[in-house]
Amino acid sequence: AVVALERDTRSIRAIGTEAHRMIGRTPSSIAALRPLREGMVSDFELTSSMLHYFVTQVIGKRMFARPRAVLSLPSGVNEMEKRSISAIMFEAGARRTQLLDRPVAAAIGAGINITDAYGSMIVDIGAGMTDIAVLSLGRVIVSDAAKLGGDHFDDAIIRYLRRKHNLLIGERTAEELKINIGSAMPRAEQMYLDVTGRNLNSGLRKLMRITSDEIYEAIDDPLTALIEAIHAVLEHTPAELAADVFDNGIVLSGGGARLSGLADAISTARETFQTKFDVKIFQMILLIVGGLAAFMLVFSLVMFALRRRD
């Protein structure tokens with residue numbers, strides 16, 4: 001979420017969608033800021049004002065009735081940060097706030113029955129952070145919060161166009177490129193989008209046609225990092241639950257999950273990892289069988305020696 005405010009007086013001009021439209025278009029006296037960055041509260045006062053605005057939009061202006069609220073948090077949030085967020089919600093008008101792990105909230109919203117004795121993996125891709133978790137029996141078994149999200153894909157596109165074409169574009173333009181022609185897998189048909197930016201050599205306005213293959217190349221690094229983060233969670237997942245994930249698949253949620261071809265890219269990488277996982281399990285079985293065979297051989301030799309002594 002974005003908050004637009006006056007730089008001098010810090011009075012709020014807009015919050016949410018209206019403020020998001022102002023990114024890159026504000027005069028010097030107005031700043032469009034994100035009070036939450038990578039799942040962390042970067043500005044307590046702005047976050048409190050933003051949540052108060054959202055709570056008011058939902059319940060209206062009630063003088064006496066303070067509602068209870070449920071708020072989802074990223075994995076890895078410590079107790080101090082939880083108390084800080086609870087205090088912000090209290091200031092925003094909530095009587096009591098129940099904190100819930102974001103992967104659990106995303107799984108419930110996706111319709112996953114998390115109470116079963118069955119492993120389910122959820123990958124919730126937000127703007128600045130991705131929560132990856134394996135759930136079973138209503139609990140988070142293994143989880144990780146990777147500082148990767150939609151904003152990192154946008155930044156990668158901005159850096160790529162600056163490096164390749166000497167073209168400087170803003171966050172909104174990068175997001176439009178990602179949404180309209182971006183893909184985590186090569187497209188069968190090439191797509192194009194004309195964008196306007198600033199030529200870094202001349203400083204003048206420049207119109208350029210960008211292809212979908214260029215965006216695919218631009219987001220390769222953050223996409224690879226995301227897939228590696230998923231693999232890292234699977235590597236630390238108990239074997240039975242990992243087998244459930246390979247059988248049942250991975251559920252993607254969040255705004256970043258709308259990237260075209262993302263599910264196919266993760267599925268392709270998952271098949272490669274499953275082969276390695278099967279080899280690892282096979283080696284473990286061979287080790288166990290070999291250990292049992294060695295034990296039986298030693299046991300037989302000992303029994304044979306005892307019989308000869310008798």
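Throughout, numbering of the chain's residues begins at 1 and tracks the sequence. These figures come from a predicted structure and were not determined experimentally.
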*Asks:* Does Gln98 CD have over 12 foreign heavy atoms under 6.0 Å away?
*Replies:* no
*Asks:* Working note: Val123 + Asp131, criterion side chain to side chain contact (heavy atoms under 4.5 Å, CB included); need CA distance, chi angles, decisive distance, verdict.
*Replies:* CA-CA 6 Å; Val123 179; Asp131 279 285; over 6 Å; no
*Asks:* Can you give me the closest heavy-atom contact between Met89 and Ala69, atom names plus distance?
*Replies:* CE-CB, 3.8 Å
*Asks:* More than 12 heavy atoms of other residues, nucleotides or ligands under 6.0 Å from CZ of Arg7: yes or no?
*Replies:* yes
*Asks:* Between Ile141 and Val233, is there shared hydrophobic-cluster membership here, with clusters defined by ILVMFWY side-chain heavy atoms closer than 4.5 Å?
*Replies:* yes
*Asks:* Rounded to the nearest 0.5 Å, what's the gap from CG on Asn248 to CG on Leu241? Could you check?
*Replies:* 12.0 Å
*Asks:* Working note: Val3 + Tyr53, criterion side chain to side chain contact (heavy atoms under 4.5 Å, CB included); need CA distance, chi angles, decisive distance, verdict.
*Replies:* CA-CA 11 Å; Val3 178; Tyr53 171 81; over 6 Å; no
*Asks:* Applying the salt bridge (charged side-chain N to carboxylate O under 4.0 Å, His left out) criterion to Glu214, which one of Lys164, Arg209, Arg163 satisfies it?
*Replies:* Lys164
*Asks:* Taking the side chain as C-beta and beyond, is there a heavy-atom pair between Met191 and Thr211 under 4.5 Å?
*Replies:* no
*Asks:* Closer than 3.5 angstrom, by distance alone: can the side chain of Thr268 be matched with the main-chain N or O of Asp264 as a donor-acceptor pair?
*Replies:* yes
*Asks:* Check whether the side chains of Glu6 and Ser11 place a donor and an acceptor atom closer than 3.5 Å, and report yes or no.
*Replies:* no
*Asks:* Same cluster or not: Met208 versus Ile181, using hydrophobic residues (I, L, V, M, F, W, Y) connected whenever any side-chain heavy atoms lie under 4.5 Å apart?
*Replies:* yes
*Asks:* Distance check, rounded to the nearest 0.5 Å: Ser183 atom OG versus Leu259 atom CG?
*Replies:* 6.5 Å
*Asks:* Minimum heavy-atom separation for Ala19 and Ala14, please, with both atom names.
*Replies:* CB-O, 3.5 Å
*Asks:* Show your reasoning for whether side chain to side chain contact (heavy atoms under 4.5 Å, CB included) applies to Ile210 and Asp194.
*Replies:* CA-CA 6 Å; Ile210 307 300; Asp194 294 329; over 6 Å; no
*Asks:* Can you tell me how far the CD1 atom of Ile169 sits from the CG atom of Leu161, to the nearest 0.5 Å?
*Replies:* 4.5 Å
*Asks:* Tell me every residue that passes side chain to side chain contact (heavy atoms under 4.5 Å, CB included) with Asn166, counting only those two or more places apart in sequence or in another chain.
*Replies:* Leu200, Asn201
*Asks:* Same hydrophobic cluster for Leu100 and Ile112, using side-chain heavy-atom links shorter than 4.5 Å among ILVMFWY?
*Replies:* yes
*Asks:* Have Tyr160 and Glu217 got a donor and an acceptor in their side chains that come within less than 3.5 Å?
*Replies:* yes
*Asks:* Are Lys206 and Arg198 close enough that some pair of their side-chain heavy atoms sits under 4.5 Å apart?
*Replies:* no
*Asks:* Should Tyr216 and Ile157 be counted in the same cluster of Ile, Leu, Val, Met, Phe, Trp and Tyr side chains packed under 4.5 Å apart?
*Replies:* no
*Asks:* How many angstroms lie between atom CG of Leu193 and atom CG of Asn180, to the nearest 0.5 angstrom?
*Replies:* 5.5 Å
*Asks:* What are the two closest non-hydrogen atoms of Gly149 and Ile125, and how far apart are they?
*Replies:* CA-CG2, 4.3 Å
*Asks:* Quick one, Glu189 with Ser212, criterion side chain to side chain contact (heavy atoms under 4.5 Å, CB included). Give me CA distance, side-chain angles, the key distance, then yes/no.
*Replies:* CA-CA 9 Å; Glu189 295 184 4; Ser212 57; over 6 Å; no
*Asks:* Are any of the side-chain heavy atoms of Pro238 and Val142 separated by less than 4.5 Å?
*Replies:* yes
*Asks:* Check His152 against Lys147 and note the closest heavy-atom contact, atom names and distance.
*Replies:* NE2-O, 3.1 Å
*Asks:* Would a 4.5 Å heavy-atom cut-off, applied to side chains only, mark Glu175 and Asp151 as touching?
*Replies:* no
*Asks:* Do Lys178 and Asp154 have side-chain heavy atoms sitting under 4.5 Å apart?
*Replies:* yes
*Asks:* Using atom types as modelled, flag every donor-acceptor pair under 3.5 Å from a side chain in residues 115-122 to any protein atom, sequence neighbours excluded.
*Replies:*
residue: Thr115; atom: OG1; partner: Asn113; partner atom: OD1; Å: 2.6
residue: Asp116; atom: OD1; partner: Asn113; partner atom: ND2; Å: 3.3
residue: Asp116; atom: OD2; partner: Asn113; partner atom: ND2; Å: 3.3

*Asks:* Any side-chain heavy-atom pair from Arg139 and Leu135 closer than 4.5 angstrom?
*Replies:* no
*Asks:* Quick one: pull up CG in Leu204 and CG in Asn199 and give me the separation to the nearest 0.5 Å.
*Replies:* 7.0 Å
*Asks:* Could you pull out the closest heavy-atom pair between Leu252 and Ala257, with the gap in Å?
*Replies:* CB-CB, 3.8 Å
*Asks:* Give a yes or no answer on whether the side chain of Thr237 reaches the backbone of Ala242 with a donor-acceptor pair at less than 3.5 Å.
*Replies:* no
*Asks:* Just wondering, do Leu5 and Ile30 contact through their side chains at under 4.5 Å, heavy atoms?
*Replies:* no
*Asks:* Would a hydrophobic clustering, with Ile, Leu, Val, Met, Phe, Trp and Tyr connected at side-chain separations under 4.5 Å, put Leu223 with Ile250?
*Replies:* yes
*Asks:* How many angstroms lie between OG in Ser260 and CE in Met185, if you round to the nearest 0.5 Å?
*Replies:* 10.0 Å
*Asks:* Less than 4.5 Å apart, side chain to side chain, heavy atoms only: is that true for Arg13 and Glu18?
*Replies:* no
*Asks:* Does Gly182 offer a backbone N or O that forms a donor-acceptor pair with the side chain of Arg187 under 3.5 Å?
*Replies:* yes
*Asks:* Taking all atoms of both residues into account, what is the closest heavy-atom pair of Ser253 and Asp124, and its distance?
*Replies:* OG-OD1, 2.7 Å
